[in-house]
Number of protein chains: 2
Amino acid sequence: MDTINRISDFINSEIAAISYPAEPSGLYKPIQYTLAGGGKRLRPTLLLLSCEAFGKDFKFALPQALGIEIYHNFTLLHDDVMDHADLRRGRPTVHRRWNEATAILSGDAMLTLATQYIVKNAGEKTARVLDVFNRMAIDVYEGQQFDMDFENHNDVTLNEYLNMIRLKTSVLLGCACEIGAIMADAPQPDVERLRHMAIDMGVAFQLQDDYLDTFGDPSTFGKQIGGDIVNAKKTALLIIAAKRDPSIYTLINSDIDDDEKITAVTRMFISTEAVDECRKMIDDYAHKAIDTLDSVNIGEDAKAHFRKLIEKCSVRNV
Amino acid sequence: MDTINRISDFINSEIAAISYPAEPSGLYKPIQYTLAGGGKRLRPTLLLLSCEAFGKDFKFALPQALGIEIYHNFTLLHDDVMDHADLRRGRPTVHRRWNEATAILSGDAMLTLATQYIVKNAGEKTARVLDVFNRMAIDVYEGQQFDMDFENHNDVTLNEYLNMIRLKTSVLLGCACEIGAIMADAPQPDVERLRHMAIDMGVAFQLQDDYLDTFGDPSTFGKQIGGDIVNAKKTALLIIAAKRDPSIYTLINSDIDDDEKITAVTRMFISTEAVDECRKMIDDYAHKAIDTLDSVNIGEDAKAHFRKLIEKCSVRNV
């Protein structure tokens, strides 16, 4: 089994081993349920790889890895309430399985729990690690707010969109690498480089997610193909296509049948070459991430793991 | 002007002076709105008094005082969403003035903001102060969950109720005193004593709040008298009365007219002597708080301020 799978298995077993107070079960059961939902465990994997890359046993940063994964799942839990989503990773969302109050309160507790893990055993690095974590968290809320704001605007620019996904998605990956590297006492310039690598990787990851939402293989994607089109979501594809043919907004906001809309909008993504532009952007961000990675002072083995993750994020078809 | 008013004015002006990023305004305006809502500023006042009691200028703990007040307002903001409350301190709640997603997200940001303030300038005390804060926060979520759980049970005992208000209300007052004292390098036994004082004070405060909800002066209470009865809330009054006459649950859960119900239930609170028992409990907790206060090694001036707050919480009629 390769290192990445070994680390992700380790994270899963450590998450399963977290013990919670028995009462009030209405608070703790939804947290356990949320964390047992699986997912790629990309963020804690990045964190542990970053720690190991600088010569420390990756287990040293386990509390921080759990903290970052709990934080990520907290954002998903609250986002699902805000978006009125019914399903997450094939299971009912917490506010559907329990109720909204439970989802809000359990999420709040997860944010505090994440903060507790982030500083656990951090010793004299406590203030620094916490500061990195809190600034990341504020960025993520700003990103989520911009994402919600964009719903009501047809004039979102590509730069505004890229800034939003950087805040909402990428900085969390950047923070994971930063904290992992800090825990291993990495030199500050390398911490910064690894962080930038992860941020570009995150943008590629999110653009790829947008791409797959329309052009993914239904048998492997896991979500309904065309969901973004049905929700008229301002993705890179839509923004680029609209710049070339603004009539796509009329089409995507019309009340024609969903399947018909998906087919017609997809066709416009292709005819305007928005899809080619989007694929090019994904490649560019992935290459930028790999270039930055090359400049980090870590061993070839470590680089190979990060490179594998960058490739997975930018060419993945699931 | 006395010290308590001077400190509370200082807190108000410092809260008003907090600057927020201009964008996304959908995230920051609700935070500003929430914090401008006023209130007694009891928690930051306790924190600053605790700092000053041990010989440090109270301004030294200003970031922590702001952190504790932001945390308190975050819990009110999310509680209002969970309770579907329309008004808070005479103004529309955030989820009514904006929407639910905004209320959830702004609250999340307030929790992170509070954490940032709690550790600001804490230096080598960072890990300790943060640990106290995070453990308090978990207690508060547990208290809120028990409070919600109680809605569906008619067999809540007085001890269960007292434990719930200790978690939901008192530990935050205890935490305020604890952090203020820690910031002033108070000896650990005194930190503990001050914390216990604040916890008993908090129980008296919440029992008084329950009492006033039924027996307060409508012209000064600020809320609708009888709200707890209309909502069949398990308060100390109801639990004690039910122990003596269980038929009160039938009455309070019946669908008779609100005013009629308030009158009939209030009469039972009096006839069962639940109201006398409740007043006695308030006095007992207030006296216990004053006894503990007497054992803390601080000056008479400082003690006088705390005593004044304990009295305000236990005999206040607003």
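Lettering follows sequence order; numbering is per chain, from 1.
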Just list the side-chain donor-acceptor pairs under 3.5 Å for residues 21-31 of chain B, sequence neighbours left out, or say none.
from: B:Glu23; atom 1: OE1; to: B:Ser25; atom 2: N; distance (Å): 3.4
from: B:Tyr28; atom 1: OH; to: A:Glu142; atom 2: OE2; distance (Å): 2.5

Problem - B:Tyr71-B:Phe133 aromatic ring centre distance below 6.0 Å - result: yes
Problem - Donor-acceptor side-chain pairing of A:Asp80 and A:His95 below 3.5 angstrom - result: no
Practice task
Verify the ring-centre separation between B:Tyr161 and B:Phe146: is it less than 6.0 angstrom?
Solution key: no
Problem - Close contacts, residues 164-183 of chain B versus chain A, judged by heavy atoms under 4.5 Å - result: none
Fill in the blank from the handout: From the list B:Val119, B:Asp108, B:Ile138, B:Ile104, the residue making the most non-hydrogen contacts under 4.5 Å with chain A is B:Asp108
Exercise for the section: With a 4.5 angstrom heavy-atom cut-off, could you sort out which part of A:Gln116 is near chain B: side chain, backbone, both or neither? Expected result: both
Completion exercise
Residue from B:Leu130, B:Asn134, B:Leu111 scoring the most non-hydrogen pairs under 4.5 Å with chain A is B:Asn134
Handout entry: Heavy-atom donor-acceptor pair, A:Asn73 side chain to A:Glu69 backbone, under 3.5 Å
Key = yes
Problem - CZ-CG distance between B:Arg43 and B:Leu48, expressed to the nearest 0.5 angstrom - result: 14.0 Å
Handout entry: Closest contact, heavy atoms only, B:Val191 versus B:Arg128
Key = CG2-NH2, 4.4 Å
